[in-house]
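Below you'll find the structure, written out as structure tokens, and then a few comments.
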Amino acid sequence: MENREIAAIFGQIADILELKEENPFRIRSYRRVEEALGNVGFNISRTILEDPDKLRGIPGVGEATFRKILELVETGACEEHRQLLSEVPESLLTLLELQNLGPKKIALFWKQLGITTLEGLEEAATSHRLRTLSGMGEKSEAKILQAINEFRRREGRIRLDRAVETAQSFLDYLKDNAMLDRLAVAGSVRRRQETIGDIDILVSSDQPPDVIEAFVRHPSVKEVLAQGGTKGSIVVGRGIHVDLRVVSDDSFGAALQYFTGSKQHNVALRERAKRLGYKISEYGLFDLGTGAQVAGHQEEDIYSRLELEFIPPELRENQGEIAKAEHHQIPNLIELGDFKGDLHMHTTDSDGRNSLEEMVEAGQRAGYEFIAITDHSKALAMIGGLNEEELVSQIQNVRAVRKSFPDIEVLTGIEVDILADGTLDMQDEVLEMVDVVIASIHSRFSLTRKEMTARICKALQNPSVNILAHPTGRLILRRERYDVDLEEVARCASENRVCLEINAYPARLDLNDAHSRMVRDMGVLLSINSDAHSISMLDYMSYGVDTARRGWLESDDVINTYTKNRLDKVLRKETYR
DNA sequence: GCCGTTTTCGGCCCGACTGTTTTCAGTCG
């Protein structure tokens, strides 16, 4: 059982307990378990048998939880979970994913109107039956209908990080359980698109049926949709399709190219091939005259035969990359290896899971030359945001910690909230004391476009602000971005020598690929940061890099790749681009 | 359900916003 699956069961237990209006503290403790298990850096199924104390040591995991995990690992299910599922219609749990709808209202709809499905809820809202309930009115019905629409739009898609995890588990499994030559993930996962409809895996092997047979027996398979001689298609989790294609090794490169897409990129490539006297398919590149295969073993050869520079998968969207490749002008895309530091992370002083010392140590282990500690400000009272006094005291702590870690520069910082009127949630004198000021929005998302733009631009004019974090506020597959004129924000940013962030947190990736490219072209400098809330989340940086690469960014566009010296000049606003 | 220089019971991050109300319940972060 994958960590994610185990964690999800605890999440579902919490959901059902909420619908049943059980003790909120018990529910919270299940949520804590869900979060903790989702973030551990080792395989739970293996560890619980080999080193059970490691699991018992996770904060939030007590004896009862430990026993449930053991039951799950040993039997694949858990009695309490099964029992709870029998008390509540499963379709009710889907309704919890709707915005602005929580357990109380869902339970009310269920008990008063017998609503258990999305369709039932939609019907009740459309026919104005919801407003007959106390606390419900016209606006609530409209909001629910909107939430249903938004939910439908994202249904069947998953976030990139989840898809990468699932794909990796299939790759590891196939390596161990099938006779094969090469294997790779293709499709939108390889192109690092931010959401994924289905996962494509490509294998080369002499024994396709055996590979397919192993594939459909992967332990997470919920349903086998197709099992043929060279193709298999299965469903995992909640409706996510994984497709496997097996080819001979001489076709692997061509198949990788073909199944990586995108469709539009391939159409353009096919036209070019035809013009040059070739035919291209998933089996190879063939000479139209002789019919001989001229490329196919290696993906690179396909491009070079077509007189093109190799095009990184992230650029294959038919957005001008083929013309650039023709003239050998493919950008030298930024890589994780270019990074010298991470400028946005949290500690236990606000809502992080690890202490200042632990974060610094992890930053050093990650090979960084510098990191910035940027906890939340007091507007986020619920998660213990810092007030002026607490920030000053954290600055002292950072100075003290520097002595123990001579190999990494630890910058002081704050992620300060932009209040509704565009002022910052921290006195200017205190903001002036820290090395990095990140400004960001965490509340009042529904201002008008004009108000929101003015609010953000006002914040950017504060001379202490260095970075605007997650500039659009969207949460992938969960919350739409707020309405803001990003071009105007980009202009304000460059005028005030502020960097815009690509927040690498997998649920955010904000700015996204297209926006990153747009603001860079407008002369804006970017910063890519993990926004880590624990040491393991420092690894999220790679998703930010994926986004930046899709946005055609090079290392010079991103201050995290600068030397400490050059970075300091940008932070002090002595230079910009 | 978890946790404990408050230690085996009794606590457990809280403030703002929205839409419904006319003083509040539900949701979110």
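Worth saying up front: this structure is predicted, and the values here are computed from it rather than measured. Letters go in sequence order (proteins before strands), and every chain restarts at 1.
- Counting any heavy atom pair closer than 4.0 Å across all strands shown, L101(A) reaches sugar-phosphate atoms only and no base atom.
- Using a 4.5 Å heavy-atom threshold, the side chains of I6(A) and V73(A) count as touching.
- Side-chain contact check for T472(A) versus H515(A): some heavy-atom pair is nearer than 4.5 Å.
- Counting non-hydrogen atoms under 4.0 angstrom, K68(A) reaches the backbone sugars and phosphates but no base.
- Between the CG atom in L411(A) and the CD1 atom in I395(A) there is a gap of 12.0 Å [rounded to 0.5 Å].
- Between the CG atom of L108(A) and the P atom of dT20(B) there is a distance of 14 Å, rounded to whole Å.
- Remark: S140(A) is not in phosphate contact with dT18(B), judged by side-chain N or O atoms under 4.0 Å from OP1 or OP2.
- Between the C1' atoms of dG26(B) and dT20(B), the separation comes to 10 Å (whole Å).
- The CD1-C1' distance, from I144(A) to dT20(B), rounds to 13 Å in whole Å.
- A 6.0 Å sphere centred on CD of Q461(A) holds more than 12 heavy atoms belonging to other residues, nucleotides or ligands.
- Remark: dG4(B) base-pairs with dC9(B); criterion is Watson-Crick or G-U wobble with both hydrogen-bond distances under 3.5 Å.
- Distances from the side chain of S446(A) to the nucleotides dT18(B), dC2(B), dT20(B) place dT18(B) closest.
- Checking dT27(B), dC12(B), dC13(B) against the side-chain heavy atoms of N23(A) singles out dC12(B) as nearest.
- Each side-chain hydrogen bond (donor to acceptor under 3.5 Å, both in side chains) pair with one or both residues in residues 107-131 of chain A, not counting sequence neighbours, appears once here: E122(A)-R152(A), E123(A)-S127(A), E123(A)-R129(A), H128(A)-R131(A), H128(A)-E141(A), R131(A)-E141(A).
- With contacts defined as side-chain heavy-atom distances shorter than 4.5 Å, the pair Y30(A)/E22(A) does not qualify.
- Nearest nucleotide to the side chain of A64(A), out of dG26(B), dC13(B), dC2(B): dC2(B).
- Nucleotides of DNA chain B nearest to N100(A) and G384(A) differ in position, and the one nearer the 5' end is that of G384(A).
- Mapped onto DNA chain B by nearest heavy atom, I106(A) and R26(A) fall at different nucleotides, with R26(A) at the one closer to the 5' end.
- With rounding to whole Å, I383(A) atom CD1 is found 14 Å from dA16(B) atom C1'.
- Between the CZ atom of R56(A) and the P atom of dG1(B) there is a distance of 17 Å, given to the nearest Å.
- A sub-4.0 Å separation between OP1 or OP2 of dC17(B) and a side-chain N or O of R444(A) is present.
- Distance CD (E97(A)) to C1' (dC28(B)): 16 Å, rounded to an integer number of Å.
- Here the separation of dC12(B) from dT6(B), taken at their P atoms, is 14 Å to the nearest Å.
- Checking the phosphate oxygens (OP1, OP2) of dG29(B), a side-chain nitrogen or oxygen of R479(A) falls inside 4.0 Å.
- Straight-line distance between the C1' atoms of dT8(B) and dG1(B): roughly 14 Å, to the nearest whole Å.
- Atom CD in E390(A) sits roughly 13 Å away from atom C1' in dC13(B) (whole-Å rounding).
- As rounded to whole Å, 18 Å separates atom P of dG1(B) from atom CD1 of I58(A).
- With a 4.5 Å cut-off on side-chain heavy atoms, R353(A) and E35(A) count as touching.
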Hey, what are the protein-to-nucleotides 21-25 of chain B N/O distances that come in under 3.5 Å?
none

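- P59(A) comes within contact range of the sugar-phosphate backbone alone, with a heavy-atom separation under 4.0 Å but no base atom that close.
- Note on F25(A): a base of the nucleic acid sits closer than 4.0 angstrom, heavy atoms only.
- When the nucleotides dG19(B), dT27(B), dC12(B) are ranked by their closest atom to the side chain of K143(A), dG19(B) comes out on top.
- Distance F109(A) CZ to dG26(B) P: 11 Å, rounded to the nearest Å.
- Looking at heavy atoms from C-beta onward, N529(A) lies in side-chain contact with I467(A) at the 4.5 angstrom threshold.
- Only the P atoms considered, dC13(B) is 23 Å distant from dC17(B), to the nearest whole Å.
- Counting non-hydrogen atoms under 4.0 angstrom, D351(A) reaches nothing in the nucleic acid.
- D485(A) and R449(A) make their closest contact through CA-NH2, 3.6 Å (heavy atoms, listed as atom of the first residue, atom of the second, distance).
- Closest approach to the S29(A) side chain among dG19(B), dC12(B), dC2(B) is made by dC2(B) (side chain taken as heavy atoms from C-beta onward).
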